[in-house]
Every structure is written in structure tokens, then in C-alpha cells.
Amino acid sequence: NKKNQVLAAVAEHLVECTDELIKANAVDVENGKKNNMPEGLVDRLLLTPERIQGMAEGLQQLVALEDPIGEVTGMKKRPNGLLIGQKRVPLGVIGIIYEARPNVTADAFGLCFKTGNVVILKGGSDAIHSNEAIVKCIRETLKANDITENAIQLIQDTSRETAAEFMKMNEYVDVLIPRGSARLIRAVENSTIPVIETGTGNCHVFVDQFADLGRMCLHVIVHAENKVSFGVVECRHQRIVLAEIAQQVDALDILILLTELLDLPIRIVFRGTIVHQDKFAVISVHFLEFFHHHLYNFPDRCLGIVAWDDY
């Protein structure tokens with residue numbers, strides 16, 4: 001399979017380009033710090049040899065997947081003998097808009113290439129040097145394997161005006177995918193290109209009254225919050241929902257201790273009233289209001305806890 005051969009070659013070349021990628025990334029990281037970028041965002045922006053290896057492993061995982069293109073599903077026979085079925089085909093040209101996460105550059109290429117699509121990338125300005133280096137590495141591999149380099153293209157103008165113009169290029173782009181925060185997803189509301197809207201990437205741990213708070217709960221939360229994944233899926237930020245144990249003071253004490261272990265600021269809300277806070281305050285009058293507003297707008301690296309006992 002030519003696609004798998006190329007994906008494997010790209011994965012290998014990314015690792016070979018480690019020094020070049022880290023050098024380009026260092027410029028973005030330095031600029032981010034100068035611009036007072038939050039620590040959590042700087043961490044997402046940072047490339048290390050281990051993270052580059054993780055990007056390569058993500059591409060290798062795609063190699064192991066079955067090629068979906070050409071598969072016929074849902075075949076039905078009409079009364080006149082005509083067979084009608086569904087066949088998986090490429091979408092065409094996919095535009096992906098994302099934020100300052102260099103790993104998305106490799107992920108987006110891999111997913112699009114595996115499914116026979118061309119991808120045009122519009123990354124965040126904070127990661128432009130990293131993205132340029134990654135795309136250069138990928139295009140070199142494509143050329144070496146007799147594949148058009150334009151299977152991946154990067155828009156190097158990071159201005160909002162260019163992004164707005166990109167969202168209206170119906171003649172050239174078949175579908176647009178925003179990958180990032182709720183704010184980024186809202187930014188494509190005026191797109192005239194069909195949009196596949198992704199989730200906002202928020203992760204929640206729901207702890208009910210039967211949970212073993214002394215061991216299981218802490219083990220799951222610590223590992224979920226601290227693990228930074230640079231594969232196709234990234235789940236990092238924890239929002240803890242306590243049900244029917246809100247009045248167990250020891251439960252809240254354990255979670256407060258947990259934030260100290262993780263060195264995270266904490267927000268705990270019980271029926272819309274703050275019961276503990278550190279650095280950040282939350283005022284909420286309704287459960288759904290809290291989830292739709294505050295919970296999705298926590299600062300980076302903040303452990304949010306909602307204590308609610310009438311679910």
C-alpha cells in the first residue's frame with residue numbers, strides 16, 4: 001500500500017529531523033514567553049525528542065489501520081434488481097484551522113493522507129516556525145516517494161484577515177475542520193465552506209458515591225491530568241464532578257490535597273457557592289450555567305471540581 005509506505009517514511013523522517021524541528025520550535029517558545037503566553041500553552045507548544053517520537057508513533061498507528069477508501073457498505077437490492085450501496089471515498093481538499101499545537105500538523109496530514117485527501121493547514125501564529133519545519137519535513141518525504149508535495153500545504157500568513165478569506169474559498173476547499181478551543185470553533189461560524197465541527201476537548205471525571213476516593217480516584221485523576229498525549233487524541237484537562245458525596249468533608253479534603261500534589265489552582269463549587277478557591281473565583285447560580293460557561297473556560301492547568309448531590 002503506497003499510502004502506508006509514505007506514512008511510515010514520514011514518521012521516520014520526522015525523527016531524523018528532530019534537531020531541525022526543535023531549533024524551529026525554540027523560536028516559537030521564546031516568542032511565546034516574551035508575549036506572556038500562559039504556562040500551559042507554552043507546554044503544549046513545546047517540542048521535545050520524546051514528543052516528536054510520539055508524533056511519529058501516531059503516524060505508525062495510522063499505518064496499522066485498514067484503509068477505509070473504496071469500502072462498500074450498506075448494499076441493498078431494489079425490487080427491479082438494482083443494487084444500491086454506499087462507498088467510502090475521499091472528501092477532496094480539507095482545510096484545517098488549529099491553534100498553537102505543532103503536533104496537530106503531523107496528525108492532520110496523517111489522517112488526511114490515509115483517507116486520500118489533500119490538506120491545507122492554517123495553524124496558529126504562535127507555532128508558525130514549528131509548523132513550517134514540520135511541513136517542510138513532510139513535503140521532503142512526499143517528494144522522495146514520488147508523491148506531489150502539495151498533498152500538504154501550509155498557509156504561512158497567520159493574520160485573521162487571511163483566515164477569514166480562507167473560510168470562504170468554496171471553489172478550492174471541500175470541507176473545513178476547526179481543531180481547538182470553543183473560541184476557535186466559534187470563529188468559523190461565518191465560513192461558507194461546509195464545516196465539520198469538533199468537540200472542545202474538555203475532559204471530565206465523574207466520581208459517584210461508590211468510588212474509592214482513597215486510591216482509585218486519586219490514581220485516575222493524577223495520571224489523567226499529568227499525562228500529555230501527542231497522538232491523534234489528546235485528553236488533558238480534568239473537571240471533577242462529585243455526586244452525592246458533596247457533604248463528605250473528607251472527600252473534598254482529599255481533592256484539595258490532590259491539587260497540592262499536582263501543584264494546580266483549584267475551583268470547587270457546591271450548589272453554585274464557592275466552598276474553596278485558590279487564585280480563581282467562580283460565581284455560579286445554576287448547574288447548567290456553570291457547565292456551559294465556567295467549566296469550559298477554566299484557566300490552563302486548573303483543576304475544577306463541581307460538588308453536586310442532586311443529579
Side-chain angles (χ1 to χ4, degrees), residues 3 7 10 28 35 37 41 44-45 58-59 62 67-71 73-74 84-136 138-139 142 147-202 232-234 291-293 295-297:
K3 288 191 288 187
L7 286 172
V10 170
D28 291 328
N35 294 327
M37 178 183 288
L41 295 183
R44 294 185 209 175
L45 174 61
L59 295 176
L62 289 175
D67 190 340
I69 301 304
E71 179 185 358
T73 62
I84 299 179
Q86 297 173 316
K87 184 176 182 179
R88 298 183 186 274
V89 298
L91 294 172
V93 177
I94 298 178
I96 298 182
I97 299 179
Y98 56 105
E99 296 165 323
R101 294 189 172 188
N103 61 294
V104 175
T105 303
D107 291 346
F109 163 75
L111 290 168
C112 291
F113 191 79
K114 179 76 176 189
T115 52
N117 297 287
V118 169
V119 63
I120 301 176
L121 302 173
K122 174 65 174 69
S125 59
D126 294 321
I128 184 60
H129 298 91
S130 305
N131 291 337
E132 287 176 342
I134 294 171
V135 170
K136 176 177 178 290
I138 294 173
R139 288 172 66 94
L142 293 175
I147 301 292
T148 175
E149 299 171 80
N150 290 328
I152 179 173
Q153 299 174 57
L154 175 69
I155 297 177
Q156 295 174 299
D157 184 339
T158 60
S159 67
R160 293 184 178 181
E161 292 76 15
T162 296
E165 184 177 351
F166 179 45
M167 296 177 198
K168 301 184 184 301
M169 297 179 63
N170 305 60
E171 184 178 352
Y172 305 101
V173 182
D174 296 290
V175 64
L176 187 67
I177 302 175
R179 198 284 193 187
S181 65
R183 183 176 63 178
L184 173 65
I185 294 174
R186 288 194 297 269
V188 302
E189 290 179 350
N190 295 323
S191 171
T192 57
I193 302 170
V195 174
I196 297 178
E197 182 176 316
T198 62
T200 54
N202 231 309
V232 175
V233 178
E234 178 172 345
F291 265 79
H292 289 166
H293 179 68
L295 202 59
Y296 289 96
N297 290 281

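As the structure is a computational prediction, the values presented were derived from the model and not from experiment.
- Listed for the D126 side chain is no donor-acceptor partner under 3.5 Å among the backbone atoms of A100.
- Scanning both residues, I138 and A106, for their nearest heavy atoms gives CD1-CA, 4.4 Å.
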Could you tabulate the donor-acceptor pairs under 3.5 Å formed by side-chain atoms of residues 87-96, not counting sequence neighbours?
{"from": "R88", "atom 1": "NE", "to": "E71", "atom 2": "OE1", "distance (Å)": "3.1"}

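- Rounded to the nearest 0.5 angstrom, S191 OG and I177 CD1 are separated by 11.5 Å.
- Listed for the T115 side chain is a donor-acceptor partner under 3.5 Å among the backbone atoms of L111.
- At most 12 non-hydrogen atoms from other residues, nucleotides or ligands lie less than 6.0 angstrom from CD of E165.
- Taking each heavy atom of V173 and F166 in turn, the nearest pair found is CG2-CE1, 3.8 Å.
- In this structure, the separation between CG on L176 and CD1 on I193 is 5.5 Å, given to the nearest 0.5 Å.
- For the residue pair L7 and G110, the shortest heavy atom distance occurs at CD2-CA, 3.8 Å.
- Under the 3.5 Å distance criterion, the side-chain polar atoms of K3 are matched with a main-chain donor or acceptor of K114.
- Here the straight-line distance linking atom CD of E197 with atom CZ of R186 works out to 10.5 Å at 0.5 Å rounding.
- Atom CD1 of I97 and atom CD1 of I185 lie 11.5 Å apart (nearest 0.5 Å).
- Atom NZ of K122 sits about 9.0 Å away from atom CG of L154, to the nearest 0.5 Å.
- In this structure, P178 and V195 approach most closely via the heavy-atom pair CD-CG1, 3.7 Å.
- Side chain of D67 to main chain of I69: a donor-acceptor pair is present (N/O by atom type, distance under 3.5 Å, no hydrogens or angles).
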V118 and Q153: side-chain contact (heavy atoms from CB on, under 4.5 Å), yes or no, with the steps?
-> CA-CA 8 Å; V118 169; Q153 299 174 57; 4.3 Å; yes
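- No donor-acceptor pair under 3.5 Å is formed between the side chain of N131 and the backbone N or O of T105.
- When atom types are taken as modelled, the side chain of R44 and the backbone of R101 share no donor-acceptor pair closer than 3.5 angstrom.
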Carefully, step by step, assess L121 and I152 under the rule side-chain contact (heavy atoms from CB on, under 4.5 Å).
-> CA-CA 8 Å; L121 302 173; I152 179 173; 3.8 Å; yes
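- By the 4.5 Å heavy-atom criterion applied to side chains, M167 and N190 are not counted as neighbours.
- Taken to the nearest 0.5 Å, the OG1 atom of T158 stands 10.0 Å off from the CD atom of Q156.
- For the side chain to side chain contact (heavy atoms under 4.5 Å, CB included) with F113, the lone residue among V10, I147, L59, L62 that qualifies is I147.
- Taking every heavy atom of both residues into account, A127 and L45 meet most closely at CB-CD1, 3.6 Å.
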Step by step, would you call D107 with Y98 a side-chain contact (heavy atoms from CB on, under 4.5 Å)?
-> CA-CA 12 Å; D107 291 346; Y98 56 105; over 6 Å; no
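- Looking only at side-chain heavy atoms (C-beta outward), R139 and N150 come within less than 4.5 Å of each other.
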